[in-house]
Amino acid sequence: LVAGAGARGVGDGDGAEAQRERDAAVARANQLRVGGDADGALATLRDLWGRCPEARVLVQMALAEHSASRWFDAWRHMNEALAAQGDAWVDARRPVVERARDVCRAHLATVVVASDAPGATLSVDGQEPVPLPLARPLVVAPGDLTLEVRAPGHRPMQRAVTGLRTTCVPSVQVSAP
């Protein structure tokens with residue numbers, strides 16, 4: 001996947017200049033990625049994303065993350081790009097982006113988290129808490145993680161989940177303490 005036409009928002013130039021700047025940055029990042037420097041490609045694309053937050057840039061960033069085996073970030077960014085409404089660039093490449101996202105997903109683990117505490121929130125490895133119950137199972141990188149459930153009127157509850165693999169779906173019930 002490479003960038004196509006039609007962007008604005010990069011730099012201070014007009015639309016055509018901004019598009020050339022964006023396309024040049026994506027081309028540099030792709031050269032780095034293909035040359036084995038996924039971290040350099042990712043740095044270039046993160047900088048570009050800061051100036052040009054377009055779905056196509058997010059896809060390119062996800063591809064660099066994919067090359068660096070950063071499966072969760074790549075999967076998340078591809079999902080965000082695919083959710084972009086009316087983005088012609090993504091729409092034209094949707095089946096390819098979906099296949100790449102599915103490759104990333106195959107490298108991730110799933111865990112089901114439930115709590116009986118009203119108003120409970122879940123934080124995974126110190127990340128921003130989300131309300132429980134979850135609409136679907138939690139997708140995470142394989143390995144170990146720490147779940148923290150907080151609920152009004154209850155002490156915080158932490159639970160270590162170890163050895164998560166891509167081939168199993170553990171269920172974790174966190175009761176209100």
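Both Val149 and Leu145 are assigned to one and the same hydrophobic cluster, defined by single-linkage of ILVMFWY side chains at heavy-atom distances under 4.5 Å. Taken together through direct or relayed side-chain contacts under 4.5 Å among Ile, Leu, Val, Met, Phe, Trp and Tyr, Leu132 and Val140 form part of one hydrophobic cluster. The hydrophobic cluster containing Leu147 also contains Val130, counting ILVMFWY residues as joined when their side-chain heavy atoms lie under 4.5 angstrom apart, directly or transitively. Using a 4.5 Å cut-off between side-chain heavy atoms of Ile, Leu, Val, Met, Phe, Trp and Tyr, with links allowed through other members, Trp75 and Leu63 fall into different hydrophobic clusters. By the rule that hydrophobic residues join a cluster once side-chain heavy atoms approach within less than 4.5 Å of another member, Val161 and Val124 end up as members of one cluster.
Looking at Glu17, its side chain never comes within 3.5 Å of a backbone N or O of Gly15 through a donor-acceptor pair.
One distance of note links CZ of Arg94 with CG of Leu82; it measures 5.0 Å at 0.5 Å rounding. Annotation: the span from Ser115 atom OG to Arg150 atom CZ amounts to 13.0 Å, rounded to 0.5 Å. Within the model, atoms CZ of Arg46 and CD of Glu65 stand 6.0 Å from one another, a figure rounded to the nearest 0.5 Å. Rounded to the nearest 0.5 Å, atoms CG (Leu58) and CE (Met78) are 9.5 Å apart. For the atom pair CZ of Arg28 and CD of Gln31, the computed distance is 9.0 Å after rounding to the nearest 0.5 Å. Note that CD of Glu148 is 9.0 Å distant from CG of Leu122, once rounded to the nearest 0.5 Å.
Considering all non-hydrogen atoms of both residues, Trp49 and Glu54 come closest at CZ3-O, 3.1 Å. Among all heavy-atom pairs drawn from Ala25 and Thr44, the shortest one is O-CG2, 3.6 Å. Listed here is the closest heavy atom pair of Ala41 and Ala64: CB-CB, 4.1 Å. Closest heavy-atom contact between Gly119 and Pro152: O-CD, 3.6 Å. The minimum heavy-atom distance linking Ala81 with Ala55 is given by the pair CB-O, 3.7 Å. Scanning all heavy atoms of the two residues, the minimum distance from Pro131 to Leu134 falls at O-CD2, 3.8 Å.
Applying the side-chain hydrogen bond (donor to acceptor under 3.5 Å, both in side chains) definition to pairs two or more places apart or across chains, those involving residues 102-112 are Arg105-Thr110.
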Residue pair Arg70, Asp39: steps toward the side chain to side chain contact (heavy atoms under 4.5 Å, CB included) verdict: CA-CA 10 Å; Arg70 296 178 184 168; Asp39 290 334; 2.8 Å; yes
Stepwise side chain to side chain contact (heavy atoms under 4.5 Å, CB included) test for Val59 and His77: CA-CA 7 Å; Val59 170; His77 287 142; over 6 Å; no
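Remark: the Arg76 side chain and the Asn79 side chain contain no N/O donor-acceptor pair separated by less than 3.5 Å.
In this structure Arg136 satisfies the side-chain contact (heavy atoms from CB on, under 4.5 Å) test with no other residue, sequence neighbours excluded.
Within the 4.5 Å cutoff, the side chain of Pro142 has no heavy atoms near those of the Arg165 side chain.
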